[in-house]
Number of protein chains: 2
Amino acid sequence: MPNDRADKILQLVNDAKKIDVTQLADKLHVSKVTIRKDLTKLEDKGLLQRKHGFALINNPNNLSYRLAQNYDTKLRIAQRAAQMVEVDETIMIESGSTCALLAAQLGKLDKHVTIITISYFIANFVERYPNLDVFLLGGKYQSDSQVVVGPMAKAALANFRVGQLFIGTDGFDPNTGFYGNDIMRTDIVQAMAENAKDLNILTDSSKFNAPSIIRSFTADKVHTVVTDSGIPQACSRVLTQNGVQLIQVDA
Amino acid sequence: MPNDRADKILQLVNDAKKIDVTQLADKLHVSKVTIRKDLTKLEDKGLLQRKHGFALINNPNNLSYRLAQNYDTKLRIAQRAAQMVEVDETIMIESGSTCALLAAQLGKLDKHVTIITISYFIANFVERYPNLDVFLLGGKYQSDSQVVVGPMAKAALANFRVGQLFIGTDGFDPNTGFYGNDIMRTDIVQAMAENAKDLNILTDSSKFNAPSIIRSFTADKVHTVVTDSGIPQACSRVLTQNGVQLIQVDA
DNA sequence: GTGATTTATTTACGAACGAAACTGATTGTG
DNA sequence: CACAATCAGTTTCGTTCGTAAATAAATCAC
């Protein structure tokens with residue numbers, strides 16, 4: 001299946017929440033059989049749900065939905081980030097969709113890694129990989145994003161100090177730094193960063209033009225950014241000026 | 001749909017892991033259309049998965065699977081137990097399937113309740129009820145049963161002291177008490193009990209003839225048992241002799 | 001007890017399904 | 001250059017799907 005048709009299907013499904021096979025076939029000018037095959041593959045990747053006659057969007061607040069946006073780019077970023085992790089290392093992972101793919105990549109590489117996370121989605125996402133040990137922080141459960149937050153989660157962090165923390169971001173402004181769009185999640189991520197030597201950000205380049213609400217980190221706090229080649233020059237210059245290691249995977 | 005056919009379908013699906021509609025229709029002597037309707041309802045309850053042409057068992061370690069056994073009895077037990085919880089109360093819930101139904105019942109009753117649990121299944125199960133606040137303990141994630149266990153989870157308990165704890169059980173022996181079949185889960189449940197005033201056990205009566213591996217509690221530690229009318233006399237006598245409040249819902 | 005309503009099931013039918021065979025374009029190999 | 005292998009997509013086929021209308025049994029009202 002060509003990637004651009006996969007993207008178009010995901011776009012259409014995400015816009016409509018629910019769309020039937022016939023409509024997809026009409027809009028994309030291929031047969032229904034082809035659409036059905038595409039949908040089966042996309043369902044296997046966890047990017048949508050199939051039902052008899054139509055395709056359903058995953059819960060939009062759910063990571064499965066966010067995974068569906070720029071899936072291939074995120075996958076390449078995650079593959080690159082997985083190289084940064086040593087065998088038997090203990091890392092922290094936040095709740096971003098690219099972070100979930102990083103965890104899955106580590107699982108596939110069959111390296112033993114211990115993962116500390118706030119995300120129940122990620123814990124379940126890597127269920128099938130016995131080489132991954134997962135520790136979840138406790139706290140107030142945010143059911144829409146499937147993470148724990150709040151003072152209890154921050155207190156639980158006191159038990160851990162790791163070399164690397166991997167997070168996503170919701171936005172970036174060249175003058176001021178990285179942003180999140182949920183105050184509770186931003187708060188816990190900042191606390192995680194204080195207990196990690198290196199702060200690594202995984203994000204597709206679309207976020208570099210999307211300033212968001214709550215500043216999470218100034219650029220100089222960041223060790224490495226892994227993104228794709230679509231990042232604006234203004235942003236990449238600021239990052240390198242602040243001593244950030246910038247890794248770009250091919251588009 | 002008659003309840004006994006629903007039970008038979010669940011039995012057949014659970015035994016076979018995967019069974020097609022035609023076979024179910026033959027064995028139960030009804031039409032395929034009727035089977036399909038039954039399967040749709042059972043899927044809506046989360047007790048199995050439908051695919052084109054057949055029904056699939058839920059992951060057997062998963063609570064969804066355990067929920068499917070004696071579903072109606074468990075539901076009645078949960079409904080009765082929900083009456084024991086006050087508005088604005090904070091309770092602890094362990095990972096049992098009947099406990100999950102208790103949480104859902106509390107959600108449906110629209111009382112505000114704060115739930116502290118080790119089970120991510122339960123946290124997600126009650127996602128849609130805004131009147132429930134869920135706090136999860138942190139710890140080592142056991143992906144098959146979707147709970148956190150281990151010393152970190154026990155340490156997290158230090159922050160909480162509640163009036164009531166609700167747990168399930170895997171077995172009971174009249175001479176020695178209640179049993180679990182997983183040492184890590186038994187360990188954390190015992191720690192939970194130390195931080196709760198009343199220990200309440202919710203279980204269908206089938207467990208009273210199934211001694212299990214690890215003793216969790218002697219009968220005298222238990223405040224209330226909610227079960228169905230199928231409990232053997234020998235067991236109910238021992239319980240009441242030990243000062244346990246025994247509540248039996250109709251079969 | 002009789003007629004009305006509800007519940008359970010079947011029959012009928014057009015749409016959707018998966019699997020397999022087929023077609024045409026692209027890629028790799030000697 | 002030829003020719004096999006792979007890939008993307010379509011056509012075809014027998015099966016399963018969901019919905020709606022028909023039928024039968026159980027429950028209820030009075």
Chemist: Tell me every residue that passes side chain to side chain donor-acceptor pair (under 3.5 Å) with B/Asn3, counting only those two or more places apart in sequence or in another chain.
Modeler: none
Chemist: For residues 40-47 of chain A, tabulate all N or O donor-acceptor pairs below 3.5 Å that involve a side-chain atom, not counting sequence neighbours.
Modeler:
| residue | atom | partner | partner atom | Å |
| --- | --- | --- | --- | --- |
| A/Thr40 | OG1 | A/Arg36 | O | 2.9 |
| A/Thr40 | OG1 | A/Arg50 | NH1 | 2.7 |
| A/Glu43 | OE2 | A/Arg50 | N | 3.3 |

Chemist: Could you check how far NE2 of B/His52 sits from P of D/dT16, rounded to whole Å?
Modeler: 7 Å
Chemist: Can you confirm whether A/Gln11 is buried at CD, in the sense that more than 12 heavy atoms of other residues, nucleotides or ligands lie under 6.0 Å from that atom?
Modeler: no
Chemist: Quickly work out the A/Asn3 CG to D/dC7 P distance and round it to whole Å.
Modeler: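 Going from A/Asn3 (CG) to D/dC7 (P), I get 14 Å.
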Chemist: With sequence neighbours left out, what residues match A/Tyr120 under ring pair (Phe, Tyr, Trp, His ring centres under 6.0 Å)?
Modeler: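 Checked A/Tyr120 against ring pair (Phe, Tyr, Trp, His ring centres under 6.0 Å); matches are B/Tyr120.
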Chemist: Listing request: all ring pair (Phe, Tyr, Trp, His ring centres under 6.0 Å) pairs with a residue in residues 11-52 of chain A, at least two apart in sequence or in separate chains.
Modeler: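 Ring pair (Phe, Tyr, Trp, His ring centres under 6.0 Å) check on residues 11-52 of chain A returns A/His52-B/His52.
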Chemist: Residues two or more places apart in sequence or in another chain: which of them pass ring pair (Phe, Tyr, Trp, His ring centres under 6.0 Å) with B/Phe166?
Modeler: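 If we apply the ring pair (Phe, Tyr, Trp, His ring centres under 6.0 Å) test to B/Phe166, skipping adjacent residues, there are no hits.
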Chemist: Please confirm whether the shortest side-chain N or O distance from B/Arg36 to OP1 or OP2 of D/dT19 is below 4.0 Å.
Modeler: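 No, no such contact exists.
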Chemist: What's the NZ-C1' distance between B/Lys51 and D/dG18, to the nearest Å?
Modeler: 17 Å
Chemist: Report the distance from atom CZ of A/Phe54 to atom C1' of C/dA16, rounded to the nearest whole Å.
Modeler: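 For the pair A/Phe54 CZ and C/dA16 C1', the rounded distance is 11 Å.
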Chemist: Please enumerate all residues that pass ring pair (Phe, Tyr, Trp, His ring centres under 6.0 Å) together with A/His223, with sequence neighbours excluded.
Modeler: none
Chemist: Do A/Val147 and A/Thr117 come within less than 4.5 Å of each other through their side chains, counting heavy atoms only?
Modeler: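 A side-chain contact under 4.5 Å is absent here.
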Chemist: Separation of B/Leu56 atom CG from D/dT16 atom P, in whole Å?
Modeler: 16 Å
Chemist: How would you list, by chain and number, every residue that makes a ring pair (Phe, Tyr, Trp, His ring centres under 6.0 Å) with A/Phe125, sequence neighbours excluded?
Modeler: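 A/Phe125 satisfies ring pair (Phe, Tyr, Trp, His ring centres under 6.0 Å) with A/Phe121 only.
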Chemist: Quantified as the angle between the terminal helix axes (five pairs each), what is the overall bend of the helix from C/dG1-D/dC30 to C/dG30-D/dC1 to 10 degrees?
Modeler: 30°
Chemist: Among residues 19-28 of chain B, which residues get a heavy atom nearer than 4.0 Å to DNA chain C?
Modeler: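 Those residues whose heavy atoms fall under 4.0 Å from DNA chain C, taken from residues 19-28 of chain B, amount to none.
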Chemist: Can you name the atoms? Protein N/O to nucleotides 6-10 of chain C N/O, anything below 3.5 Å, with the distance.
Modeler:
| residue | atom | partner | partner atom | Å |
| --- | --- | --- | --- | --- |
| C/dA8 | OP1 | B/Met1 | N | 3.3 |
| C/dT9 | OP1 | B/Arg5 | NH1 | 2.7 |
| C/dT9 | OP2 | B/Arg5 | NH1 | 3.1 |
| C/dT9 | OP2 | B/Arg5 | NH2 | 2.7 |
| C/dT10 | OP1 | B/Ser31 | N | 3.1 |
| C/dT10 | OP2 | B/Ser31 | N | 2.7 |
| C/dT10 | OP2 | B/Ser31 | OG | 2.7 |
| C/dT10 | OP2 | B/Thr34 | OG1 | 2.4 |
| C/dT10 | O4 | B/Lys37 | NZ | 3.3 |

Chemist: So, does B/Arg50 get its side chain near the phosphate of D/dG18, meaning an N or O under 4.0 Å from OP1 or OP2?
Modeler: yes
Chemist: With B/Tyr71, which residues qualify under side chain to side chain donor-acceptor pair (under 3.5 Å), at least two apart?
Modeler: none
Chemist: When the side chains of residues 92-111 of chain B are checked against the rest of the protein, which donor-acceptor pairs come out under 3.5 Å, sequence neighbours left out?
Modeler:
| residue | atom | partner | partner atom | Å |
| --- | --- | --- | --- | --- |
| B/Glu94 | OE1 | B/Gly96 | N | 3.0 |
| B/Glu94 | OE1 | B/Gly168 | N | 3.1 |
| B/Ser97 | OG | B/Lys74 | NZ | 3.2 |
| B/Lys111 | NZ | B/Ala82 | O | 3.4 |
| B/Lys111 | NZ | B/Val85 | O | 2.4 |

